[in-house]
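Worksheet: one structure, shown below.
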Amino acid sequence: NAGVTQTPKFQVLKTGQSMTLQCAQDMNHEYMSWYRQDPGMGLRLIHYSVGAGITDQGEVPNGYNVSRSTTEDFPLRLLSAAPSQTSVYFCASRPGTSGSGEQFFGPGTRLTVL
Amino acid sequence: GQQVMQIPQYQHVQEGEDFTTYCNSSTTLSNIQWYKQRPGGHPVFLIQLVKSGEVKKQKRLTFQFGEAKKNSSLHITATQTTDVGTYFCARGGGKLIFGQGTELSVKP
């Protein structure tokens, strides 16, 4: 199993550009989430999904869109990038109500918005 | 609201000293999870606590869940340089909400 994969690893955008961060998992997990990590702020939840076709907002959803058309994929779209969105983005997945509750994280995407 | 407050934000210790990080919530938690993130890495799951007053050990790490299920702690005995990183607690539920983390540095 590849686990949780994220692409790209690094990205530089100009203000106003749009892009999609890709996330995929091959563990058949129901739950998937996107977090951003900024120095001193911990991990803040952007959006999450409890299954295909179901998404909901987290703590900091503004400026981001998500969709979950399949169990495996959970892309994060930045509609119009702003410097405040410079951050490290982590995608994560977990089985749902069964199991230990362990959440598996991808390696992260480091995004810089100029 | 749904936040979990974690203290301290930073902790610097001499190798061999003990270390403790605390996680507090104003509301009752259904469960609490702990993660470790090495510098430059991604968070890795350590444990989940579910029961009131629960204590679990993993080698030199001891995890506690308060009787009221509003607080939790992670204690490391005799720290080693391999313990360096940031330790996060996270409140469970449909969405996992993380505390701000405690960054641990260990001086050899």
Side-chain angles (χ1 to χ4, degrees), chain A residues 2-7 9-10 21 23 25 27 29-51 54-61 66 68 74 87-110, chain B residues 1-11 21-25 27 29-51 54 56 58 61 63 65 69 72 74 85-105:
Chain A
V4 181
T5 57
Q6 291 183 239
T7 55
K9 285 188 170 57
F10 301 93
L21 306 186
C23 174
Q25 53 93 7
M27 298 173 281
H29 286 171
E30 291 180 76
Y31 289 12
M32 296 187 75
S33 302
W34 276 102
Y35 294 86
R36 61 176 289 174
Q37 185 171 35
D38 305 291
M41 302 292 287
L43 292 152
R44 292 184 291 171
L45 182 66
I46 305 171
H47 285 288
Y48 69 105
S49 169
V50 299
I54 306 169
T55 63
D56 204 349
Q57 296 182 348
E59 302 168 278
V60 288
V66 291
R68 184 97 180 270
F74 192 43
S87 188
V88 179
Y89 291 84
F90 288 102
C91 179
S93 75
R94 58 193 176 116
T97 54
S98 63
S100 69
E102 176 176 358
Q103 182 156 259
F104 297 82
F105 283 81
T109 294
R110 190 173 296 272
Chain B
Q2 298 186 48
Q3 288 185 334
V4 285
M5 304 304 295
Q6 198 173 345
I7 55 171
Q9 190 173 357
Y10 303 97
Q11 186 77 57
T21 174
Y22 301 91
C23 192
N24 297 295
S25 171
T27 58
L29 304 168
S30 58
N31 63 70
I32 191 134
Q33 298 185 359
W34 286 92
Y35 290 77
K36 177 183 178 180
Q37 183 179 25
R38 295 183 185 275
H42 59 274
V44 175
F45 176 82
L46 294 175
I47 208 161
Q48 177 171 273
L49 304 173
V50 179
K51 298 177 183 177
E54 191 169 13
K56 287 189 176 180
Q58 291 178 351
L61 277 61
F63 304 85
F65 201 9
K69 299 183 72 173
S72 180
L74 158 59
T86 301
Y87 293 84
F88 293 97
C89 63
R91 62 176 298 150
K95 49 186 178 181
L96 274 181
I97 301 296
F98 282 75
Q100 299 95 323
T102 296
E103 184 178 337
L104 172 66
S105 63

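Labels below follow one simple rule: chain letters A, B, ... track the order of the sequence lines, proteins then strands, and each chain is numbered from 1. Keep in mind that what you see is a predicted model, and the values were worked out from it rather than measured. Below, all heavy atoms of this structure are taken into account, side chains as well, without hydrogens, waters or symmetry copies.
Neither the backbone nor the side chain of A:Q6 has a heavy atom closer than 4.5 Å to any heavy atom of chain B. With a threshold of 4.5 angstrom between heavy atoms, B:E103 does not approach chain A through any atom at all. Neither the backbone nor the side chain of A:R44 comes within less than 4.5 Å of any heavy atom in chain B. For a residue to count as touching a neighbouring chain, one of its non-hydrogen atoms must lie under 4.5 Å from one of that chain's; by this rule A:E59 touches chain B with the side chain only. Heavy atoms of A:L43 lying under 4.5 Å from chain B belong to its backbone as well as its side chain. For A:Y31, the part lying near chain B is the side chain, with the backbone staying farther off; criterion is any non-hydrogen pair under 4.5 Å.
Here the CZ-CZ distance, from A:F105 to B:F45, works out to 11.0 Å after rounding to the nearest 0.5 Å. To the nearest 0.5 Å, the span separating CG on B:L96 from CD on A:E102 amounts to 11.0 Å. Atom-to-atom distance recorded for B:H42:NE2 and A:F90:CZ is 8.0 Å, nearest 0.5 angstrom.
If you look at B:F98 and A:Y35, their ring centroids are closer than 6.0 Å.
In this structure a side-chain-to-backbone donor-acceptor pair under 3.5 Å is present from B:Q33 to A:G101.
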